[in-house]
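Computation of the quantities below employed the complete heavy-atom set of this structure, encompassing side-chain atoms and omitting hydrogens, waters and symmetry-equivalent molecules. Just so we're clear, the structure is a prediction, and the values are computed from it rather than from any experiment. In each ligand, atom 1 is the first atom listed, and ligand 1 is the first ligand listed.
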Amino acid sequence: MNASKPIIAILGGSGDLGGGLAWRWARAGYDVVIGSRTQEKAEQAAAELNNEGLTKPVLGMSNEAAAKAGDVVVMTVPFANHQGTLESVKDIVQGKVFIDVTVPLVPPKVGTVQLPEGGSACVMAQDFLGDEVKVVSAFQNVAAAHLTDASHDPDCDVLVCGNDKEACALVVELVEAAGMRGWHAGPIANSVVAEAMTSVLITLNRRYKIPGSGFRITGTPKV
Ligand SMILES: NC(=O)c1ccc[n+]([C@@H]2O[C@H](COP(=O)([O-])OP(=O)(O)OC[C@H]3O[C@@H](n4cnc5c(N)ncnc54)[C@H](OP(=O)(O)O)[C@@H]3O)[C@@H](O)[C@H]2O)c1
């Protein structure tokens, strides 16, 4: 790993949140690899981001090749595909920092908190991948829309939860590199709060016609 900037691999980076984060991290000078179930889709997604004014090009690979290439692996796939994607990279990500952004939404009632039997998506990821993988939960409350607009303020703080303090500190840095405020908010068990909060934000968006609500930690000098 480069001492100052790890290579970031984003599984499902062809999607909305993964693509937006990829663009922001590449703009901040990180080497970013987009993963997809197919090489062609990954290359296509990377080419589209590179057309959005990136000077440091994003690469596209299969999810497995991206997971191998990354120092930090970020998983950005729907909850319905959470377990399957974990299975496909379990052996490859041993020893790595693994950021899970998954919200365990159960359509059609996405405005209602419906936690999985395993407790939370990120707790399930940590349990399944094992203690050698430093699973960190982050970004569940950030609306993906407009992330590739540099002037757009996501207007949302990011709760960062994980059992490894150094891994969480690194993820807080990555949150800030992507233009948001990150807070190390405790162990992976606390991820349930961020995961549940998303259904509350979806409800607020609907009720008050907010394009993409977020939240801020208040009473702090951190800017
Ligand atoms: N969108 C948001 O605003 C937002 C905000 C906070 C958190 N999140 C969370 O972030 C994650 C990704 O959300 P998103 O909106 O970016 O999702 P998305 O665009 O619907 O999908 C992301 C990627 O997941 C892959 N995928 C789709 N179906 C799959 C399957 N059956 N098996 C394996 N991979 C599959 C696809 O990649 P390939 O086809 O290239 O493999 C797709 O491009 C979700 O867990 C969501 O809860 C989203």
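With salt bridges taken as basic N to acidic carboxylate O contacts below 4.0 Å, one links D153 and R216.
Not less than 6.0 angstrom separates the ring centroid of W23 from the ring centroid of Y30.
Within 4.0 Å of ligand 1, protein heavy atoms belong to G12, S14, G15, D16, L17, S36, R37, K41, T76, V77, P78, N81, T85, V101, T102, V103, F139, Q140, V142, A143, A144, listed by chain and number.
For the 3.5 Å distance criterion, the side chains of S137 and D100 fail to qualify, holding no donor opposite an acceptor.
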*What's the verdict on side chain to side chain contact (heavy atoms under 4.5 Å, CB included) for V175 and W183, showing C-alpha distance, side-chain angles and the deciding distance?*
CA-CA 9 Å; V175 169; W183 302 90; over 6 Å; no

- Message: Under the criterion side chain to side chain contact (heavy atoms under 4.5 Å, CB included), I'd like the reasoning laid out for V103 against F79: C-alpha separation, chi angles, the key distance, then a yes or no.
- Response: CA-CA 6 Å; V103 180; F79 181 59; over 6 Å; no

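Checked against side-chain contact (heavy atoms from CB on, under 4.5 Å), T203 has the following partners two or more places apart in sequence or in another chain: R207.
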